[in-house]
Amino acid sequence: DNSLFCMYVLYLFTGAALETCNFSLFPCNNLHWDCCFQSYTNYDKQKKQINRQGESLMKQKNRKEKSIRLQISAASMSFALLLAVLVAGISYFFFQHFLLRSQRQAVQSSLQLMGNDLNSDISPFIMLTNWCTIDENLAEYLEVMSGQRALGSSYVNERQLAIHAWNNFSRQTLQNLSTDYLLRCVVSTPDGSHFLQVQPSPSGDKGRISQSIINAPFFHSLLDAKRCIWLGPVENPGGSDVSTVLPILRPIYRNIQGSRIGFVYLEINPALITDRLKNYAAASDSILYISFSEDHVFRCSNGELIPAQLPRTNQVSYHLRDIPWTITQTLSHQELRLQRYIYMGLLLSAMLMIILSAFLLKLYLDRIILSPITKLLYRLKRIGQGDLSRDDEITWPNEFGRIGNGINSLAANVKELLDRKVRDEKKQQELKYQILRSQINPHFLYNTLNSIKWMARIQGADGIDEMTTALARLLKTVSKGT
């Protein structure tokens with residue numbers, strides 16, 4: 001108890017001594033307490049500032065982050081899709097245009113080739129018809145037989161005239177290059193009483209052929225026409241093995257402005273057309289039409305000519321050069337569909353290539369942009385955790401390398417500032433210690449300790465006496481700086 005009491009008294013006297021020294025003995029004590037108050041004020045300000053920064057960081061953390069990686073991915077993929085759709089749309093539009101154009105050109109070329117072949121097949125018949133209308137021997141025969149002219153002195157009788165005219169007529173007819181399709185050629189007087197006939201392939205006739213021709217429904221329309229017109233396949237008036245024929249009928253005049261003395265009639269086998277069509281390559285859904293005139297249109301089907309109506313759209317036509325025929329073919333939807341599927345496959349491949357290119361571009365951007373950014377962020381995180389060492393992995397030879405060098409320089413500067421601050425604080429603590437040590441008055445302490453020592457001897461507390469003596473010696477040693 002006595003020991004505790006003495007220690008308590010020593011504590012009181014020591015505190016009183018310090019207080020006395022602080023406020024009365026040394027003139028710098030007021031400055032010291034002002035510095036302490038200012039330090040406390042700065043600490044309070046820094047604490048408030050740190051709280052505000054913490055609240056701001058919490059708000060930023062609560063705010064939804066927008067990742068650059070996601071933005072680059074979304075931008076690259078959106079651009080790729082937009083570019084792919086745009087390229088596909090424009091390409092599909094031009095493809096449709098050029099596909100239709102090329103298909104029309106191909107069909108036009110095919111029709112032109114077939115039209116030229118038909119034109120070359122029909123031209124000999126037109127030439128034979130024109131020859132019959134201007135031959136003098138046939139004209140003389142028709143005039144004599146119709147009673148418009150007397151028999152000349154060159155012939156004994158009408159039979160000899162008829163034989164001579166028929167020989168010329170037969171020779172000219174059989175010299176025709178298309179006799180395989182010529183069924184008959186007839187030259188007759190207007191009333192059909194006298195006629196000459198040549199048949200390269202003889203067939204059975206029903207009755208008098210000239211009268212059958214005159215009684216045919218098409219006779220007057222063809223005979224009175226100012227030019228050679230075509231009706232297409234009609235019923236054979238001669239009743240031969242071929243049921244339908246292509247008729248050519250033209251009048252024969254005495255001279256250019258003379259009276260009509262007869263007519264010439266040709267029957268052409270429609271196989272002339274159908275045989276050509278058999279060798280014509282066309283799609284299964286493409287239909288071929290032959291227009292002999294506006295009102296006589298026929299559809300070619302399975303080697304036959306069937307009356308039909310000409311379509312107004314989605315077709316290609318070719319007009320023959322020497323005859324007023326028109327060949328029309330509808331465009332094949334099957335070929336268009338097949339070509340469209342092929343092109344759609346190419347477009348899809350192109351779109352996939354564009355998207356793949358965008359994906360590769362994204363990977364490339366990740367490598368040259370996002371990867372350095374990630375390393376820079378990781379480096380900043382390590383700096384925040386106190387790692388201020390230099391990092392050579394963020395020194396790339398580009399703009400990001402410049403940022404990395406700046407971060408390394410910043411970390412080095414911060415490290416230097418912290419080291420300087422530590423040194424300054426250490427010096428400041430040493431200075432404070434020196435000031436506090438110099439503020440203690442050794443003489444006052446010695447007197448106080450002597451008082452305690454004698455009080456302990458008076459009371460017979462030898463332990464306190466010894467302890468006080470040891471403390472006095474310790475303080476003398478500290479005051480000397482040893």
Side-chain angles (χ1 to χ4, degrees), residues 39 42-92 94 344-430:
S39 299
N42 294 335
Y43 170 76
D44 186 63
K45 291 181 179 179
Q46 292 178 357
K47 184 177 180 181
K48 292 181 180 180
Q49 184 178 2
I50 291 174
N51 291 333
R52 287 195 298 268
Q53 292 178 354
E55 293 177 357
S56 177
L57 290 175
M58 290 297 295
K59 291 180 180 180
Q60 293 180 0
K61 186 175 181 180
N62 295 330
R63 188 185 305 168
K64 186 176 180 181
E65 294 184 354
K66 295 182 179 179
S67 175
I68 297 179
R69 184 186 301 272
L70 294 178
Q71 292 180 3
I72 292 178
S73 301
S76 59
M77 297 306 294
S78 300
F79 176 75
L81 290 176
L82 179 62
L83 181 62
V85 172
L86 185 63
V87 170
I90 295 176
S91 301
Y92 185 77
F94 283 102
M344 288 297 294
L346 295 176
L347 284 181
L348 290 177
S349 301
M351 292 177 66
L352 292 177
M353 290 297 295
I354 293 175
I355 295 174
L356 179 61
S357 300
F359 181 73
L360 295 178
L361 177 62
K362 173 188 171 298
L363 296 180
Y364 179 72
L365 292 177
D366 287 346
R367 181 178 179 182
I368 66 173
I369 297 179
L370 298 180
S371 180
I373 291 176
T374 303
K375 292 183 178 180
L376 292 174
L377 291 175
Y378 179 71
R379 176 58 183 157
L380 291 175
K381 182 178 179 181
R382 288 171 55 194
I383 292 175
Q385 294 174 353
D387 183 7
L388 300 176
S389 62
R390 179 178 178 82
D391 189 359
D392 293 330
E393 292 184 359
I394 61 174
T395 56
W396 303 281
N398 50 31
E399 289 79 1
F400 289 108
R402 295 172 60 185
I403 297 176
N405 291 327
I407 292 176
N408 285 330
S409 299
L410 177 63
N413 294 332
V414 171
K415 184 177 180 180
E416 183 180 357
L417 290 175
L418 290 176
D419 293 340
R420 185 184 301 172
K421 184 177 180 180
V422 170
R423 291 193 301 268
D424 293 342
E425 289 180 353
K426 186 176 181 180
K427 291 181 179 179
Q428 186 177 3
Q429 292 295 331
E430 292 178 355

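Put simply, CG on Leu417 and CG on Leu388 are 10.5 Å apart, with the number rounded to the nearest 0.5 Å. Taking CD1 from Ile407 and CD1 from Ile383, the interatomic distance works out to 6.0 Å, rounded to the nearest 0.5 Å. Taken to the nearest 0.5 Å, the CZ atom of Arg423 stands 10.5 Å off from the CG atom of Leu418. Here the CG atom belonging to Leu376 is positioned 9.5 Å from the OG atom belonging to Ser371, to the nearest 0.5 angstrom. Atom CG of Leu410 sits about 13.5 Å away from atom NZ of Lys415, to the nearest 0.5 Å. In this structure, CG in Leu380 is found 10.0 Å from CD1 in Ile403, a value given to the nearest 0.5 Å.
Applying the salt bridge (Lys or Arg N to Asp or Glu O under 4.0 Å) test to Asp424 and every residue at least two apart in sequence or in another chain returns nothing. The side chain to side chain contact (heavy atoms under 4.5 Å, CB included) check on Leu83 picks up Phe79, Val87, Ile354, with sequence neighbours excluded. Here Met344 pairs with Tyr92, Arg340, Leu347 under the side chain to side chain contact (heavy atoms under 4.5 Å, CB included) rule; sequence neighbours left out. Remark: Arg420 pairs with Glu416 by the salt bridge (Lys or Arg N to Asp or Glu O under 4.0 Å) rule, at least two apart or across chains. Take Arg402 and apply the salt bridge (Lys or Arg N to Asp or Glu O under 4.0 Å) test, not counting sequence neighbours, and it matches no residue. With sequence neighbours left out, the side chain to side chain donor-acceptor pair (under 3.5 Å) criterion links Asp387 to Arg382, Ser389. Scanning for side chain to side chain contact (heavy atoms under 4.5 Å, CB included) contacts around Ile355 gives Met77, Leu81, with sequence neighbours left out. Here Ile90 pairs with Leu86, Phe94 under the side chain to side chain contact (heavy atoms under 4.5 Å, CB included) rule; sequence neighbours left out.
More than 12 heavy atoms of other shown residues, nucleotides or ligands fall within 6.0 angstrom of atom CD in Gln385.
Residue Ile368 comes nearest to Phe400 through the heavy atom pair O-CE1, 3.5 Å, listed as atom of the first residue, atom of the second, then distance.
Annotation: side chain of Tyr378 is not in contact with side chain of Glu393 (no heavy-atom distance under 4.5 Å).
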_Chi angles and distances behind the side chain to side chain contact (heavy atoms under 4.5 Å, CB included) call for Phe359, Leu363_ = CA-CA 6 Å; Phe359 181 73; Leu363 296 180; 3.6 Å; yes
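In summary, Arg390 and Asp392 engage in a salt bridge, as defined by a charged side-chain N under 4.0 Å from a carboxylate O.
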